[in-house]
Amino acid sequence: MRLGLALGYWGRGPDRTHLDLAAEAENLGYDSVWTAEAWGSDAFTPLTWIAAHTSRIRLGTAIAQMAARTPTATAMHALTLDHLSGGRMMLGLGLSGPQVVEGWYGRPFPASPLTATREYVDVVRQVLRREGPVALDGRFHQHPYRGEDGTGIGKPLKPITHPLRADLPVLLGAEGPKNIAQTTRIADGWLPLYWSPTRTDVYQASLADLPEGFMIAPMARAKVCDDVAEGLLPVKAMLGFYIGGMGHAARNFHADLMARMGYEEEARRIQELFLAGRREEAVLAVPDAFADEISLIGPRERIAERLDLWRKGPVTDLLLTAPDPHTLRVLAELNN
């Protein structure tokens, strides 16, 4: 099981520790470093900055939002950074949800998310293969565009720049069972939002036909500390926000996932509190047990025991949201 460093997206401004953490991860032998985006900083610019200050560690987006860019624009980002980094780029994509897609990007959330995702990946693959002009007469993506409001003179094109790798890895951040199953067919890897090494049965049916070399790369908060309850507070804060506020009361993919993982009543209670403006109560309503099983928190000995559980399952890459160099170092030592 390889280790990666997940830096996430910026909050109010850039995190000055990210570059040092990425450099330390590379020095410790971590395989990859990952950036993200929501509705503020983008994923590709910080990753390019990190690429310029590292030489070996692989670079991934976890995740770049599909609604933010056309698939050809996303492929341009990926092939450009792949060249500049010497072939270290991995493209992690996600559809996000209706509130973000329609509220932030001003676009309709696709009526068929699986079809929209499949078409998007198809176009990205065509660009990276560069076997001919990009052509797709899709439901959500058309190349050339054939809509009634177009000119009708769009020309099929292939990238001027020759991609460094036709097989640049594409990973998807899928949550629903059908979406995960499709991911195993059309992508090179999967970026689970929550992964519990004791509940792998939740995903068993979706992962029934894994191709050889397929990456499963969940994120987990890691923190070496003496007080487990205190160490879990940032995990609970994240869960309270995602489950309570990252989606509509009637359509929240994160809450639905928590419910499938055995915490349906708790997930709905968190939503209820968060949407009522009682955010602190929503965070406190996150069960310690759930926060704990998707994290690696506590003294070194405790983390060592729990890390063994992660190794026994199908996880190929464990992406750590580790906030300090000491934690990165301990995890590197334990995983050797």
* Asked: In Å, rounded to the nearest 0.5 Å, how long is the span from CG of L164 to OG1 of T80?
  -> 11.0 Å
* **Inter-residue atom distance L168.CG - R125.CZ, 0.5 Å rounding** => 9.0 Å
* Geometric class of the W195/Y203 ring pair [parallel <30°, tilted 30-60°, perpendicular >60°] -> parallel
* Test item: side-chain donor near acceptor, N179 and E175, under 3.5 Å -> no
* Structure fact -> Here the gap from L296 atom CG to I303 atom CD1, rounded to the nearest 0.5 Å, amounts to 6.0 Å
* Asked: Any salt bridge between E131 and K158, counting N to O under 4.0 Å?
  -> no
* Structure fact -> d(H83 NE2, R165 CZ) to nearest 0.5 Å is 10.0 Å
* To do: Output yes when R107 and E102 qualify as a salt bridge under the 4.0 Å nitrogen-oxygen rule, no when they do not.
  => no
* Structure fact -> The complete set of side-chain hydrogen bond (donor to acceptor under 3.5 Å, both in side chains) pairs with one or both residues in residues 211-228, sequence neighbours excluded, reads K223-D324
* Do you see a donor-acceptor pair shorter than 3.5 Å between the side chains of R88 and S32? -> no
* May I ask you to say whether D137 pairs ionically with R146, meaning some side-chain N is under 4.0 Å from a carboxylate O? => yes
* Structure fact -> Value for CG (L210) from OG1 (T184), rounded to nearest 0.5 Å, stands at 6.0 Å
* Salt bridge present between R329 and E24 (N-O < 4.0 angstrom) -> yes
* Can you tell me how far CG of L5 sits from CG of D31, rounded to the nearest 0.5 angstrom? -> 12.0 Å
* Asked: Does the pair D292/R306 count as a salt bridge with the N-to-O cut at 4.0 Å?
  -> yes
* **Co-members of L171 in a cluster of I, L, V, M, F, W and Y side chains, linked at under 4.5 Å** => W34, I63, M90, L191, M215, M219, L319
* Short N-O contact, K236 and D288, less than 4.0 angstrom -> yes
* To do: Classify the ring geometry between H143 and H141 as parallel (under 30°), tilted (30 to 60°) or perpendicular (over 60°).
  => parallel
* To do: Salt-bridge test for E305 and R302: reply yes if a basic N is under 4.0 Å from a carboxylate O, no otherwise.
  => no
